[in-house]
2 protein chains.
Amino acid sequence: MDALTINEAADTTGWSARMLRYIERIGLVEAPRSGSGYRLYGPAELQRLRTLRELLERHDVGLGEIGFALRLRRDRQLHDAVEAWFEAQPERPEHVPAADWLNWEQDKHERLLAAAGRTPDLMETR
Amino acid sequence: MDALTINEAADTTGWSARMLRYIERIGLVEAPRSGSGYRLYGPAELQRLRTLRELLERHDVGLGEIGFALRLRRDRQLHDAVEAWFEAQPERPEHVPAADWLNWEQDKHERLLAAAGRTPDLMETR
DNA sequence: AGAACCTTGACACGATCGTGGTAAGGTCCT
DNA sequence: AGGACCTTACCACGATCGTGTCAAGGTTCT
């Protein structure tokens, strides 16, 4: 009572055989193959397929997104880059030379962002 | 020399104004607004936009994927669920009653997966 | 007041995603 | 040997992604 072929696995997991192949191509749930190339789904794979389905439904995410999450776990390089990007809160230069502020009104192409992010209605004259 | 409006920001970052709005909608790089609703891009945002561009190009990922990464960081619930799914290596029952193995040949719908994942050519008679 | 911006919302369009189906060919069980 | 199943490779198709453009209306500058 162990390994099922793709259609059997499809029946018991709710996925279609077509989707099982797709899921495999994405890299999630890859079934081992028989000597002649048939996919063999054991309890482990069946379990993963069922929980995968639940995961998607419960959080409204797509296969591609989980596929990306997988890529993140495998490619540390990428993971770190993404993480670094999120982490990077480019320091807002604390020291804003007053001189720059004076030119402001004149330079059409360089407007000011009030203080540090919020703008106290500098632009509305009305 | 601080905050640019959307088209100016577009010019200096390489993105189009359209994309800046799109990027904002996804949740990456949200520009603060002026009193009248104009987006104001300060050095921080500009920096993020440039590095974002680099991130995408260098690792060949899409905005949607980074958007998903963002969702993962914000929704710990989801993050944990995904992590759990990947972690879950459903234990392959170590104890396989020999009896089950005997029925194998007979039960058309229940085939066996050799040992723990790899199948030693059980299915190829030739 | 008028030009030059900005904002949101809509229509559009090729590319990819998520699915299904079908064809051509190999494998397994009677 | 024949039927039922598997494999890969294609064609298809609606939905979303990534972009652009345009319209209608508000803001800012001169």
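Order of the sequence lines sets the chain letters (A, B, ...), proteins ahead of strands, with each chain counted from 1. All values derive from a computational prediction rather than experimental measurement.
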Here the residues of residues 12-28 of chain B within 4.0 Å heavy-atom distance, strictly under, of DNA chain C are B:R21
Distance-only check: which donor-acceptor pairs under 3.5 Å involve side-chain atoms of residues 77-84 of chain B, not counting sequence neighbours?
{"unit_1": "B:E83", "atom_1": "OE2", "unit_2": "A:R73", "atom_2": "NE", "d": "3.2"}
{"unit_1": "B:E83", "atom_1": "OE2", "unit_2": "A:R73", "atom_2": "NH2", "d": "2.8"}

Below the 4.0 Å mark, does C:dT27 have OP1 or OP2 next to a side-chain nitrogen or oxygen of A:S34? no
Any side-chain heavy atom of A:R39 within less than 4.5 Å of one from A:T5? no
Under the side-chain contact (heavy atoms from CB on, under 4.5 Å) test, which residues partner A:R18, sequence neighbours left out? A:S16, A:Y22
Without decimals, in angstroms, what is the distance between B:R53 CZ and D:dG18 P? 13 Å
The nucleotide from D:dT8, C:dT7, D:dG18 with an atom nearest the side chain of B:R39 is C:dT7
Could you give the CG-to-P distance, from A:L63 to C:dG18, as a whole number of Å? 5 Å
Rounded to the Å, how far apart are A:E65 CD and C:dG18 P? 8 Å
Taking C-beta and beyond as the side chain, do B:R48 and B:L28 meet within less than 4.5 Å on heavy atoms? no
B:Y41 has an atom OH; how far is it from atom P of C:dC5, in whole Å? 17 Å
note: B:L56, atom CG; D:dG18, atom P; distance rounded to Å ~ 9 Å
Nearest-nucleotide pick for A:S36, side chain only, options being C:dT7, D:dT8, C:dC28: C:dC28
Whole-Å distance between C:dG18 P and A:L52 CG? 11 Å
Could you tell me how far apart B:I6 (CD1) and D:dG26 (C1') are, to the nearest whole angstrom? 16 Å
Just checking, is any N or O donor in the side chain of A:T51 or A:E54 under 3.5 Å from an acceptor N or O on the other one? no
Separation of atom CD in B:E8 from atom P in C:dC5, rounded to whole Å: 9 Å
Step-by-step side chain to side chain contact (heavy atoms under 4.5 Å, CB included) determination, B:I6 to B:L40: CA-CA 7 Å; B:I6 197 169; B:L40 293 179; over 6 Å; no
Between A:T12 and A:R50, does a side chain to side chain contact (heavy atoms under 4.5 Å, CB included) hold up when you go through it step by step? CA-CA 9 Å; A:T12 69; A:R50 295 204 192 89; 3.8 Å; yes
